[in-house]
**Student:** 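One structure coming up, written as structure tokens, with questions to follow.
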Amino acid sequence: MAAAQDVHVRICNQEIVKFDLEVKALIQDIRDCSGPLSALTELNTQVKEKFQQLRHRIQELEQLAKEQDKESEKQALLQEVENHRKQMLRKTTKESLAQTSSTITESLMGISRMMAQQVQQSEEAMQTLVNSSRTILDASEEFKSMSGTIQLGRKLITKYNRRELTDKLLIFLALALFLATVLYIVKKRLFPFL
């Protein structure tokens, strides 16, 4: 039974390290991503999935620690769990968020500049083709499609601003939960009679 637990603990630790490395690699990919927007969205989704898997493995390791027969092994594993949680939280600090937000903002600004250039090119084309009624109709249709693209761009920018706010709120709530857990553990250890 103890040997099986040791193997399970070892596997769990290996998976935590693996997910940790994958999260670091994905965060670097986000920083290096210059577009398109769909690629950035996909990378963000993958980071969230890896964080979820990492969180699940840490919880699994914590459960294994609680099931240990020896108090010393139990405490050692609980300390590992605590270290993993601290490392996970360190990855979502304000500095990391600021760098990721900065990268996302730069990408969105690049898209916005590109869309502004396209709008300007459309306007120049319309001025040049004013003399021909057939060309005016073609340019008008092109302008309508550009307008739809601009509207879509605005919606995407608004959506990403909301996502950024939601992510900050989730990180704040996770930090609050972590601090509450730490306070609870400290209270139980220092004041077990309360």
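Residues take their numbers from the sequence shown, with the count starting at 1.
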**Student:** Salt-bridged, K24 to D20, with N to O below 4.0 Å?
**Tutor:**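 Salt bridge flag = yes for D20 with K24.
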**Student:** Check for me, please, whether L183 and L78 land in the same ILVMFWY cluster - side-chain distances under 4.5 Å, paths through other members count.
**Tutor:**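 In one cluster with L183: L78, no.
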**Student:** Cut-off 3.5 Å, side chains only: do E71 and Q75 have a donor facing an acceptor?
**Tutor:**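 Present: a donor and an acceptor within the cut-off.
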**Student:** Are V17 and I58 connected into the same hydrophobic cluster when the rule is that any two of I, L, V, M, F, W, Y join if their side-chain heavy atoms are below 4.5 Å apart?
**Tutor:** no
**Student:** Test of understanding: with side-chain hydrogen bond (donor to acceptor under 3.5 Å, both in side chains), list the residues that count as partners of E82, not counting sequence neighbours.
**Tutor:**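 side-chain hydrogen bond (donor to acceptor under 3.5 Å, both in side chains) list for E82, sorted by chain: empty.
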**Student:** Can you confirm whether E62 sits close enough to K66 that some side-chain heavy atom of one is under 4.5 Å from a side-chain heavy atom of the other?
**Tutor:** yes
**Student:** If Ile, Leu, Val, Met, Phe, Trp and Tyr residues are connected whenever their side-chain heavy atoms lie under 4.5 Å apart, and connections chain through other members, are L190 and V182 in the same group?
**Tutor:** yes
**Student:** Residues two or more places apart in sequence or in another chain: which of them pass side-chain hydrogen bond (donor to acceptor under 3.5 Å, both in side chains) with D29?
**Tutor:**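 Partners of D29 under the side-chain hydrogen bond (donor to acceptor under 3.5 Å, both in side chains) test: none.
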**Student:** Between atom OG of S147 and atom CD of E142, what is the distance when rounded to the nearest 0.5 Å?
**Tutor:**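 Spacing of OG (S147) from CD (E142) equals 12.5 Å.
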**Student:** If every non-hydrogen atom of L54 is compared with every non-hydrogen atom of I16, which pair is closest and at what distance?
**Tutor:**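 Taking every non-hydrogen atom into account, CD1-O, 3.5 Å.
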**Student:** Is it true that V186 and F178 fall in one hydrophobic cluster, defined by side-chain heavy atoms closer than 4.5 Å?
**Tutor:**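 Shared cluster, yes.
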**Student:** Following the transitive rule for hydrophobic clusters with a side-chain heavy-atom cut-off under 4.5 Å over Ile, Leu, Val, Met, Phe, Trp and Tyr, establish whether F51 and L169 coincide in one cluster.
**Tutor:**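 As far as the 4.5 Å side-chain criterion goes, L169 and F51 are not connected within one cluster.
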**Student:** Would you give the length of the straight line joining atom OG1 of T166 to atom CG of N161, rounded to the nearest 0.5 angstrom?
**Tutor:** 10.5 Å
**Student:** Quick one: pull up OG1 in T149 and CE in M114 and give me the separation to the nearest 0.5 Å.
**Tutor:** 9.5 Å
**Student:** Does the side chain of Q52 come within less than 4.5 Å of K48's, by heavy atoms?
**Tutor:**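 The answer is no; the side chains never approach within 4.5 Å.
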**Student:** Let me confirm one number: the NZ-CZ distance from K168 to R163, rounded to the nearest 0.5 Å.
**Tutor:** 15.5 Å
**Student:** Can you tell which of E80, K86, Q79 makes a side chain to side chain donor-acceptor pair (under 3.5 Å) with N83?
**Tutor:**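 Among E80, K86, Q79, the one meeting side chain to side chain donor-acceptor pair (under 3.5 Å) with N83 is Q79.
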**Student:** What distance do K50 atom NZ and T45 atom OG1 have between them, rounded to the nearest 0.5 Å?
**Tutor:**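 With rounding to 0.5 Å, NZ (K50) is 12.5 Å from OG1 (T45).
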**Student:** To the closest 0.5 Å, what do you measure between CE (M146) and CD1 (I150)?
**Tutor:**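 CD1 of I150 is found 7.5 Å from CE of M146.
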**Student:** For Q63 and E67, does a side-chain donor sit closer than 3.5 Å to a side-chain acceptor?
**Tutor:**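 Yes - a donor-acceptor pair under 3.5 Å links their side chains.
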**Student:** Is any NZ, NE, NH1 or NH2 atom of the basic residue among E60 and R57 found under 4.0 Å from an Asp or Glu carboxylate oxygen of the other?
**Tutor:**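 Yes, charged N to carboxylate O under 4.0 Å.
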**Student:** For E73 and Q68, work out which heavy atoms get closest and say how close.
**Tutor:**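 Between these two residues, the closest heavy atoms are OE1-OE1, 2.9 Å.
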